[in-house]
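Notes follow once the structure below has been shown.
Below, all heavy atoms of this structure are taken into account, side chains as well, without hydrogens, waters or symmetry copies. Quick caveat, the model's predicted, so the values are computed rather than measured. Each chain gets a letter, A, B and so on, in the order the sequences are listed, and its residues count up from 1.
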Protein chains: 2
Amino acid sequence: MPCLKEQVLDLLKKGYPEFVSGEVICRALGVSRTAVWKHIQALRSAGYDIEAVPHAGYRLISVPDRLYPGEITRGLNTSFIGQQVYYYDRLESTNRTARELAGRGVAGGSLVVAEEQAGGRGRMGRSWFSPYGCGLWFSVILYPEVNPLHAPPLTMLAAVAAARALRRTAGVKAGIKWPNDLLVNDKKICGILTELSAEMERVNYLIMGMGLNVNIAAHQFPPEIRETATSVLRETGRRSSRVALLQDLLAELEYWYLRWQREGFAPVLDCWKELSVTLGRPVRVFTMKESWEGWAEDVDTDGSLLLRLPGGEYKKVVSGEVSLRPG
Amino acid sequence: MPCLKEQVLDLLKKGYPEFVSGEVICRALGVSRTAVWKHIQALRSAGYDIEAVPHAGYRLISVPDRLYPGEITRGLNTSFIGQQVYYYDRLESTNRTARELAGRGVAGGSLVVAEEQAGGRGRMGRSWFSPYGCGLWFSVILYPEVNPLHAPPLTMLAAVAAARALRRTAGVKAGIKWPNDLLVNDKKICGILTELSAEMERVNYLIMGMGLNVNIAAHQFPPEIRETATSVLRETGRRSSRVALLQDLLAELEYWYLRWQREGFAPVLDCWKELSVTLGRPVRVFTMKESWEGWAEDVDTDGSLLLRLPGGEYKKVVSGEVSLRPG
C-alpha cells in the first residue's frame, strides 16, 4: 500500500493534464484539506511542480528527474524485480549497500538505486564515473538456487537485458563486448559488476550491479575516459527518461532471469551472441597474468570465450578483458 | 608486541615450574611491583592459576582450557594463518563474524574463534552443535587471488589439513568423506563450511569455517546425533589440548595453502585421496534435486566425485551429500 503522499501523486497523475479538486482528493483518501495541502507541499519539496488554483484544485505540471521508488514501481511490468526499491541520493556504491541489504535477507529482486555514487566501482577494482542524476547506478539483489559454479552466465544475462532495453527504449544500438560490457560505436555505455556470496555448493545471494550512462554530456566525462566512454545523450543528442529506461531494463532482466530458471542458459546465450560485437573479430585478451591475440571465434555453453590463436589452436578464456583490434 | 599481561605470562611460562621473582619481572618489563601485581590478578581472573609466595615470587600452576589469542599464537608455527586472532566467548557463528571482519579487510590468515556458537551452521543450512569450551569452532579468513570457479578445491584442502592434524596431534584416525566431512569409524568428528564473496572473475574473500568435536563426552551430544557424531574424547577416552590441536591444524592449513599457491591442486588432491574413506566404496549421493547409487570411483582434477553407476556409465558429481553404503 503506497503512502498517502504517493496516493495524492497518483490522483494528480491520473487527472493529468487537468486539475483535480481538493475535495475529490479528500474524499478519495479520506483525509482533511489540511492533510492534502501538507502532502502537496511535500511533493513540491521532492521536486514535483504542482499548480494550485482556488476553486479549481491541483494540477501536476512536471515530474522531477529523480529515480524515486514510486516513479520506478508505477507502471513497472515485473512480478518481483524492482518491486522493492531502496532509494538513496548518494551512496558509496550501490553494490556495497546491496550486499549489506542481502546479508539482512531483503526480498529477492530488491533494487538499490542512487542518484550518485561516491565510489562507484567497475570490474577488476576499477572506478566507475557516476555523477549526480545523469545515469542509472543500481544493483539488483537475487537469490538464485544454483551452484556457484553455474552463476557466471548470469552476468551475461544482465548484459542481454541492458542491451535490449537500450536498443528499444533509448534508441541506441548497444552491442555486447565479452563478457558483459556494453558498447555503442566501440565506446562503453554500460558496465556490469556481478558479485556473489556463496558456500561451495550454493549461492547465498547474488548482486547484479550496473552503471549505465544516460544523460551525461561529452564535456562532463573526465578527460581520461572522454574518448572511450559514451552515454545515451551523447549518442542520440537528446536527454532520455531514466525511469522509462530503468523500467524496461528491469522487465528485461526479469524476463531473461525467469527464462534462465526454466530453460537454462542456452536461450540467453543465443541472444547474447546476436548482440555480441566481439564474435568474429580480431581481439586481444588480457587476464590477470597473460594476454593473447587471436580471433574471437565463439562462446562456449558456460559463457567462456573461444579464442582462435594465430597458430590455429583454440584457447578457452574463462575470465579476462577483451580489447577489439582493427579487423 | 604483546601487551604487558601477555609478557608477564610469558616470563612465568619461561620460568615454569620454578618461581619467578617479582623483581625480575619488574626489571624485565620496566614496570612497578604494583603493576606486576595488577597483571597477575588479571591473569588469575582469566583462569590462570598462579601461586604467589613472599620472597620467592610468582609461579604458574596451570593454564586454563581457553583458546586465548596468546595461547594460540605462542609457539604457533605459521607465518600468517592464525597470527591475528579474534577471540570470543560466544558467537552466533564464527563464519558470520568472519564475513563481517573480511568485509572490513582484516589481515589475510586472521582467525576467528569462539568457545561456543549459539547458531553454529554446517553445510546446506544445517545446524552444528557447538557447546562451550569442548570443541574448536573457528574460521580462517583468506584472500586467495583466484577465479571463483577454481575456489571449490580449497574446501578439500581444509579437510586434508584437519585430518592430518587429527591423526598426528589427537591420535584419531580421521578419514575424509567427499567432499570435506571428517569421519572416525564412520562417525562425524569435524565439519567444514567454506564460504566466499566474489566478483565473477575474482574472489573478494574466502572463509574456511570448521567445527571440530574435541572434548565432548558421549552423553553431551543431543540424542539425534549421538549415533552419528563423535569427538576426540569419545574416540581416545581422554581430554585433549584444544590449543595444541588448533596450532597443528593451522600449521597444516598454511602448509597446504602455500603449496596449492605454488603447485596447484594436484598435491592436495593426492593427499586427499590417501585420506579418503569414500573412494572405492559403494555410496549414495544426494544433490538438491536427485540422488544416485553407485561406486565412488575417483575424484576429478577439479575435486568432483566420479561415480560409477550400476549400468557402468560414469556420473560426475560437482556437489552433493554422500552416504556410505555397506560394502
Taking atom CD of A:E145 as the centre, report whether more than 12 heavy atoms of other residues, nucleotides or ligands fall under 6.0 Å from it.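 Result for CD/A:E145: open.
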Within the supplied structure, the quantity of interest is the number of heavy atoms (other residues, nucleotides, ligands) at a distance under 6.0 Å from B:R121 CZ; does it exceed 12? yes
From B:L149 CG over to A:D302 CG, what is the distance, rounded to the nearest 0.5 angstrom?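 It is 8.0 Å, given to the nearest 0.5 Å.
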Could you state the interatomic distance from OG (B:S197) to CZ (A:R99), rounded to the nearest 0.5 Å? 6.0 Å
Closest-packed option against chain A by number of heavy-atom pairs under 4.5 Å, given B:P152, B:P179, B:G103, B:P148: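 Greatest number of close heavy-atom pairs with chain A: B:P152.
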Below 4.5 Å from any heavy atom of chain B, which atoms of [X] appear? Answer side chain, backbone, both or neither.
X      : answer
A:I207 : neither
A:N95  : neither
A:T194 : both

4.5 Å side-chain heavy-atom contact, B:E201 and A:L193: no
Test side chain to side chain contact (heavy atoms under 4.5 Å, CB included) on A:N180 and B:M200 and set out the steps. CA-CA 11 Å; A:N180 63 1; B:M200 287 297 125; 5.9 Å; no
Under 4.5 Å heavy-atom distance to chain A, tell me which part of B:L154 shows up: side chain, backbone, both or neither.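 Neither; nothing under 4.5 Å.
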